[in-house]
Number of protein chains: 2
Amino acid sequence: MAASAEPGDPVRTLELLWDARPHSGLGRRPELTLDQVVAAAIEIADADGLDNLSMRRVAERLGAGTMSLYRHVPGKSELFDLMVDRVSAEVSYRYEGGWRDQLEQVARANRAMFERHPWLLTLFPRRPPQGPGVIGKYDAELRAVEGIGLTDVEMDSVLTLLLEYVRGATANLIEWRRLGATQSDEQWWATLAPHLDRLLDRDRYRLAVRVGTAATTAYRGVRDTEHAFEFGLHRVLDGIEGLVAGR
Amino acid sequence: MAASAEPGDPVRTLELLWDARPHSGLGRRPELTLDQVVAAAIEIADADGLDNLSMRRVAERLGAGTMSLYRHVPGKSELFDLMVDRVSAEVSYRYEGGWRDQLEQVARANRAMFERHPWLLTLFPRRPPQGPGVIGKYDAELRAVEGIGLTDVEMDSVLTLLLEYVRGATANLIEWRRLGATQSDEQWWATLAPHLDRLLDRDRYRLAVRVGTAATTAYRGVRDTEHAFEFGLHRVLDGIEGLVAGR
DNA sequence: ATAGATTGCGTACGGCATACGCGAATGGAG
DNA sequence: CTCCATTCGCGTATGCCGTACGCAATCTAT
């Protein structure tokens, strides 16, 4: 899962992102489009996660040979870039109200995106080169904090802060949900409890055990994971409010 | 990079984490210890990243056969758990002052940990089963927000919020630094600029281009990435302050 | 000396990304 | 109509990966 390196030609990637590689007219007519490849990859990642996304599986789903994909995409890393840009474009960004209301809507829109495509949690944020989806999203979100007295750099920082919170909080949310869904949950603790008792010094880690137990119990319910998300969101917005009010 | 699944025996993992697998006395004496395996894995990950960490490389570094590792570690996923717990334990947690000062120290300590071990950024946070390192860290950090009028669940939420911020901000910080270090940076933009001009509608994405340029220019300098980290940190602490003050 | 437990690890399997090169399809030039 | 440059589809092959399996070596207790 080399989600990092981008050794390929960035210009080529840029052109793919901006859909600027039309068929020249010459040569054999393509049977596959870039969009189809990206769409298939997204479907697989949505269903089975990034770890189970392989070039072979994408090709299989499209009824094509594995190496045919490489006529449309330079490699897997660039495919990731294209996937991120695509899903960034698919959200409708219409934010209304004061800046705080708008930022709240931004947060919820991003959370929804992460929930629809959990694999984004490991891919986000993606560095340049960026495409129309990512830039359009950035542009729309910036409007929420435009004209409230912040400098350009501050606008970027505020947005980054908010999106980072949403990313992390959504990751936790999904993790809690997954943990709750994996078998009876009660049974899991029942199995581990005696071993934990044997190993864990409850006195030395008194505070951790107490708070950890409280948090685990609370987050077991859907209502409370929801509450945790809202709680953090309002802390972040409060922090931004202090900045904005001072202008 | 199956950083997620934990299909193995959780009880076994727990015992490994808590160092509760002494040599029985019978049978061939082990030539390798669990600690050596974990330490070697951390060294490799520190140097070349998680993507270049393979069981073969760990074994090679230890002068052992690849499959010998599996006598000490159930699999790669559990090795990740052990690595996380180990590095969580290696930080000294002595926080002093008021809750806000302490949380600031917590943030800096975590940032330092992420900078020392960038691979943590993709592994963090790790769900149960957890070992003495992770729990000890959690316990120490909770003390920073103990006795200031928060409920147990709120204490957990506040800490989670802060650590998520630090994770994201440090990831950005490292990414900016890496981007700046990769070749002349000026040249990179110079190569891409004409293509961007051709593809990107500067009118449609006016705001994004303006703010993005400002942010990129600013973060080019070390001083300003540093400033960005502090900026976000203070926003988060301000947000928490509002909560604490209300109690 | 032997039995039983434990470790080290060579071999092998299935999966992965992808480099390379060939054959098939296509449109334009002569 | 013929050729040729161009582009696409993709079979084959290479070198990684995690790890299942089983045997040989080594140890203690008897």
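Below, read A as the first sequence line, B as the second, and so on, with proteins coming before strands; counting in each chain starts at 1. Here the structure is a predicted model, which is why all the values come from computation and not from measurement.
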- Task: Please report the closest heavy-atom contact between A:Ser157 and B:Tyr219, naming both atoms and the distance.
- Result: OG-OH, 2.9 Å
Starting from [atom2] on [N], measure out to [atom1] on [X] and report it in whole angstrom.
{"X": "A:Leu79", "N": "C:dT18", "atom1": "CG", "atom2": "C1'", "result": "14 Å"}
{"X": "A:Arg57", "N": "C:dG14", "atom1": "CZ", "atom2": "P", "result": "19 Å"}
{"X": "A:Met55", "N": "D:dC16", "atom1": "CE", "atom2": "C1'", "result": "16 Å"}
{"X": "B:Arg21", "N": "C:dT6", "atom1": "CZ", "atom2": "C1'", "result": "12 Å"}
{"X": "B:Asp51", "N": "D:dC16", "atom1": "CG", "atom2": "C1'", "result": "13 Å"}
{"X": "A:Leu62", "N": "D:dG9", "atom1": "CG", "atom2": "P", "result": "11 Å"}
{"X": "B:Leu53", "N": "D:dC16", "atom1": "CG", "atom2": "P", "result": "16 Å"}

- Residue whose nearest DNA chain C nucleotide is more 5′ - B:Leu32 or A:Arg56: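 Nearest nucleotide further toward 5': that of B:Leu32.
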Close N/O contacts between protein and nucleotides 27-30 of chain D (under 3.5 Å):
residue : atom : partner : partner atom : Å
D:dC27  : O3'  : B:Arg29 : NH2          : 3.0
D:dC27  : O2   : B:Gly27 : N            : 3.3
D:dT28  : OP1  : B:Arg29 : NH2          : 2.9

- In terms of heavy-atom contacts, does CZ of B:Arg204 have more than 12 from other residues, nucleotides or ligands at under 6.0 Å? no
- Can you tell me if CZ on A:Arg206 sees more than 12 non-hydrogen neighbours from other groups inside 6.0 Å? no
- A:His23 side chain, from C-beta outward: closest of D:dT7, C:dC16, D:dG18: D:dT7
Ignoring hydrogens and angles, state whether a donor on the side chain of [X] or [Y] is under 3.5 Å from an acceptor on the partner side chain.
{"X": "B:Glu141", "Y": "B:Asn110", "value": "yes"}
{"X": "A:Glu164", "Y": "B:Asn172", "value": "yes"}
{"X": "B:Tyr138", "Y": "B:Asp156", "value": "yes"}

- With a 4.0 Å heavy-atom cut-off, tell me which residues in residues 36-48 of chain A come close to DNA chain D, sorted by residue number. none
- Note on the structure: Expected list for residues 63-73 of chain A near DNA chain C, using heavy atoms below 4.0 Å, is A:Thr66, A:Met67, A:Tyr70, A:Arg71
Can you sort out the partners of [X] under salt bridge (Lys or Arg N to Asp or Glu O under 4.0 Å), two or more places apart, ordered by chain and number?
{"X": "B:Arg71", "answer": "none"}
{"X": "B:Arg12", "answer": "none"}
{"X": "A:Glu115", "answer": "A:Arg111, A:Arg177"}

- Find which nucleotide of DNA chain D each of B:Ser54 and B:Glu31 is nearest to by heavy atoms, and output the residue with the more 5' nucleotide.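 The residue closer to the strand's 5' end, by nearest nucleotide, is B:Ser54.
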- Item | Spacing of A:His72 atom NE2 and A:Leu32 atom CG [to the nearest 0.5 Å] |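 Those atoms lie 5.0 Å apart.
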- Evaluate the ring planes of A:Phe124 and A:Phe114, with Trp represented by its six-membered ring, and classify them as parallel (under 30°), tilted (30 to 60°) or perpendicular (over 60°). perpendicular
